[in-house]
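Taking it in order: structure first as structure tokens, then the write-up.
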Amino acid sequence: MSVVIKDLTKTFSTTDGVVTAVENINFEIQPGEFVGVHGPSGCGKSTLLLMLGSLLKPTTGSVEINGVDLYSLNNRQRTNFRADNIGFIFQEFHLIPYLNIHANIMLPSVAKAVQGADERATELAEKFNLSARISHVPSTLSVGEKQRVAMARALFLSPKLLLADEPTGNLDQENSHIILDHFKQFADDGGIVIMVTHDAFALKAVARTIAL
Ligand SMILES: Nc1ncnc2c1ncn2[C@@H]1O[C@H](COP(=O)(O)OP(=O)(O)O)[C@@H](O)[C@H]1O
Ligand SMILES: [Mg+2]
């Protein structure tokens, strides 16, 4: 697993003209790396992460994951590639409000059938210290718990690449530590973590930083 970004640019056409969100970014990330992408608000971090996550087509340039050029795939191939390889932690968690925690964690099984999905969700709940919350709905959880649910869900299909958008942005230091430690563990186990953040505390935890 490697991530190679070449000449990546994204522009949006708006009623006020063309907005360049990401301009000519290049980098390469190897297995086992925990990388922090940083820069001020509005510099294109979320846009970059969506392109890395196969969720937003670049205007120009390419994203290669494990040698596969994401945007040369058709939609179906890309969806399958994402399910097989990429876990995404959204800034606003995107938990489903009417599903309990157990069901939220196993939501990726909609995209890809998994044997023993129930048990896997239960195990992940345990790993993230959510066992007592498994039958509750997201609105009853603390922010730290919600972030751990989002992380458990991102890991459900055992991705090799984990993408996180401002994962500590709403957390206190104790809860930030918990999440950052899980990221470190994921990278130590051979995965890649790309975390977008403007949080100086979170950046201290990463092995490598990329400024936008
Ligand atoms: N869908 C969109 N349409 C128009 N402009 C957008 C869109 N998404 C992002 N932008 C603009 O692109 C720039 C970068 O946004 P974003 O990637 O969200 O930055 P960051 O995550 O670093 O705060 C901003 O100026 C933002 O307004
Ligand atoms: Mg953002």
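Atoms within a ligand are numbered from 1 in the order they appear, just like the ligands themselves.
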For ligand 1, list the protein residues that place a heavy atom within a distance below 4.0 Å of one of its atoms, sorted by chain and number. Phe12, Thr14, Val19, Ala21, Pro40, Ser41, Gly42, Cys43, Gly44, Lys45, Ser46, Thr47
Do Phe88 and His94 have ring centres separated by under 6.0 Å? no
I want to check a possible cation-pi pair here: Lys10 against Phe12, using under 6.0 Å from ring centre and within 45° of the ring axis as the test. yes
Return each pair, listed once, that meets side chain to side chain donor-acceptor pair (under 3.5 Å) where at least one residue sits in residues 202-212; pairs must be two or more places apart or across chains. Glu33-Arg208
Side chains of Val149 and Leu141, heavy atoms from C-beta outward: is any pair under 4.5 Å? yes
Within the structure provided, determine whether Phe201 and Thr168 are in side-chain contact (heavy-atom separation under 4.5 Å). no
For Asp69, check salt bridge (Lys or Arg N to Asp or Glu O under 4.0 Å) against everything at least two apart and list the hits. none
Using a 4.5 Å cut-off on heavy atoms from C-beta on, say whether the side chain of Phe90 contacts that of Asp165. no
No-hydrogen, no-angle side-chain donor-acceptor test under 3.5 Å, His102 and Thr122: yes
Taking every non-hydrogen atom, the tightest pair across Phe186 and Leu161: CZ-N, 4.3 Å
The Mg ion (ligand 2): which protein N, O or S atoms are under 2.8 Å away? Ser46 OG
